[in-house]
2 protein chains.
Amino acid sequence: MNSEFTIAVHSLVLLAHLPDHMATSEEIAANVSTHSARIRKVMGFLRKAGYVSTKEGIGGGFILSCKPEEVTLGEIYRLTCQGTLKPSWCSGDESKPCMISSKMDRLMGKVFCDAEKQMENYFEGHTIGSMLEQIRAFECPQSNTESLS
Amino acid sequence: MNSEFTIAVHSLVLLAHLPDHMATSEEIAANVSTHSARIRKVMGFLRKAGYVSTKEGIGGGFILSCKPEEVTLGEIYRLTCQGTLKPSWCSGDESKPCMISSKMDRLMGKVFCDAEKQMENYFEGHTIGSMLEQIRAFECPQSNTESLS
DNA sequence: CAATCTGTAACGGTTACAATGACAGTAAGC
DNA sequence: GCTTACTGTCATTGTAACCGTTACAGATTG
Ligand code: FES
Ligand code: FES
């Protein structure tokens with residue numbers, strides 16, 4: 001699995017923590033620790049799905065356009081990583097006469113697909129809002145000094 | 001996830017299908033469609049965990065040393081892939097004063113770990129024996145002509 | 001001793017991933 | 001209308017993971 005799911009979740013939690021603030025891709029990138037172009041790419045998915053609004057030009061950036069408690073990690077997973085659990089490498093060979101060699105890839109495909117659904121089901125139990133709560137609950141020594149750095 | 005889990009499952013199902021047969025790494029590799037050295041590496045894990053017995057020298061090879069119905073895919077997953085669900089890439093930066101940037105990686109680590117447990121839980125519901133049954137149930141036009149090719 | 005296996009490490013090619021640079025398009029402020 | 005500051009997107013480069021392959025030491029049989 002690549003890390004676009006992680007980036008999307010991190011960005012959304014950050015935006016949920018800063019309502020009414022237009023965050024630029026540079027600001028988000030600094031917080032996530034990656035390049036701004038990568039943030040813009042991931043935010044593109046989130047914009048098309050309606051989770052964030054974007055504004056170009058001076059004073060522009062990204063802002064949350066959904067309720068954090070209503071967005072589950074499952075939705076974000078499907079948006080960014082669905083189908084990536086199964087390795088691309090294929091076991092066996094469909095053209096072989098042996099039933100095991102010829103059918104194993106299909107069987108493993110089903111197994112991985114179902115396993116992924118189980119995982120998504122777990123992700124459904126978490127929302128952007130609950131993630132933010134957990135972060136805050138860890139302990140927040142600087143709850144009054146808001147800082148993106 | 002790399003494909004050692006798939007290779008291990010495929011090899012065990014094949015051995016379960018051929019009880020009392022010493023299969024060499026070459027034979028298994030041909031069935032799995034990979035190189036024999038790779039089979040020997042994966043079988044090394046399975047040997048240390050007691051799932052297969054090996055014999056070196058002439059007439060040697062691999063043979064199942066467990067009951068197929070008692071070996072779950074969960075055990076095999078833990079043996080080959082545990083901990084590989086979380087991307088190695090890290091979000092945020094622990095040294096930053098921002099609570100989100102500094103705590104996000106730890107939080108995602110927990111999320112991925114729990115998600116992996118859910119997945120393992122699903123894998124526990126499948127055994128090498130049940131996998132072989134499913135393969136056979138697909139339809140076996142050559143049930144009488146045993147062939148490894 | 002010769003033949004046939006496993007066990008293991010090392011090397012090289014390929015592919016997936018992440019970082020970066022570049023640039024067109026758009027909006028705000030003067 | 002011009003400059004500035006953003007997004008949106010693509011192309012390129014660096015880098016790490018993965019897989020195939022070779023090589024060889026050790027074990028076992030005959
Ligand atoms: S070994 Fe392949 S069908 Fe029996
Ligand atoms: S934005 Fe980082 S602690 Fe509030």
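In the text below, chain A, chain B and the rest are named by the order of the sequence lines, each starting its count at 1.
- The shortest distance between the side-chain N/O atoms of B:S88 and the OP1/OP2 oxygens of D:dA16 is not below 4.0 Å.
- With a 4.5 Å cut-off on side-chain heavy atoms, A:Q118 and A:Y122 do not count as touching.
- Nearest-nucleotide mapping onto DNA chain C: of A:G57 and B:M43, the residue sitting toward the 5' end is B:M43.
- Comparing A:K48 and A:G59 along DNA chain D, the residue whose closest nucleotide (by nearest heavy atom) sits nearer the 5' end is A:G59.
- Of the side-chain N and O atoms in A:T24, none sit less than 4.0 angstrom from OP1 or OP2 of D:dC6.
- The nearest whole Å value for the distance from the NZ atom in B:K41 to the C1' atom in D:dG20 is 12 Å.
- Residues A:M43 and A:I63 do not share a hydrophobic cluster, defined by chaining ILVMFWY side chains whose heavy atoms lie under 4.5 Å apart.
- With rounding to whole Å, A:E56 atom CD is found 14 Å from D:dT4 atom C1'.
- What separates CE of A:M22 from P of D:dT7 is a distance of 9 Å, to the nearest Å.
- The interatomic distance linking B:H35 (NE2) with D:dA23 (P) rounds to 10 Å, in whole Å.
- Spacing between atom CZ of A:R38 and atom C1' of D:dT15 amounts to 13 Å, rounded to whole angstrom units.
- Contact annotation: A:R40 does not reach the phosphate of D:dG8 (side-chain N/O to OP1 or OP2, under 4.0 Å).
- Bracketed by its first and final contacts, the part of DNA chain C lying under 4.0 Å from non-hydrogen atoms of chain B reaches from C:dA3 to C:dA19 in 5' to 3' order.
- Nucleotides of DNA chain C nearest to B:G61 and B:W89 differ in position, and the one nearer the 5' end is that of B:G61.
- Residues B:M1 and A:G60 both approach DNA chain D. Their nearest nucleotides, taken by heavy-atom distance, put A:G60 toward the 5′ side.
- Here A:R78 pairs with A:E124 in a salt bridge; the nearest charged N to carboxylate O distance falls below 4.0 Å.
- The aromatic rings of A:F5 and B:F112 sit perpendicular to each other, their planes meeting at more than 60°, with 30° as the lower class boundary.
- Distance CD1/A:I128 to OH/A:Y51: 9.0 Å, rounded to 0.5 Å.
- Applying the salt bridge (Lys or Arg N to Asp or Glu O under 4.0 Å) rule to pairs touching residues 4-16 of chain B yields B:E4-B:K41, sequence neighbours excluded.
- To the nearest angstrom, P of D:dG1 lies 17 Å from CD1 of A:I58.
- Separating the CD atom of A:E26 from the P atom of D:dG8 is a distance of 14 Å, rounded to the nearest angstrom.
- In this structure, B:M1 is a member of the same hydrophobic cluster as A:L107, with clusters built from ILVMFWY side-chain heavy atoms closer than 4.5 Å.
- Residue A:A37 places its side chain closer to D:dT9 than to any other of D:dT7, D:dT29, D:dT9.
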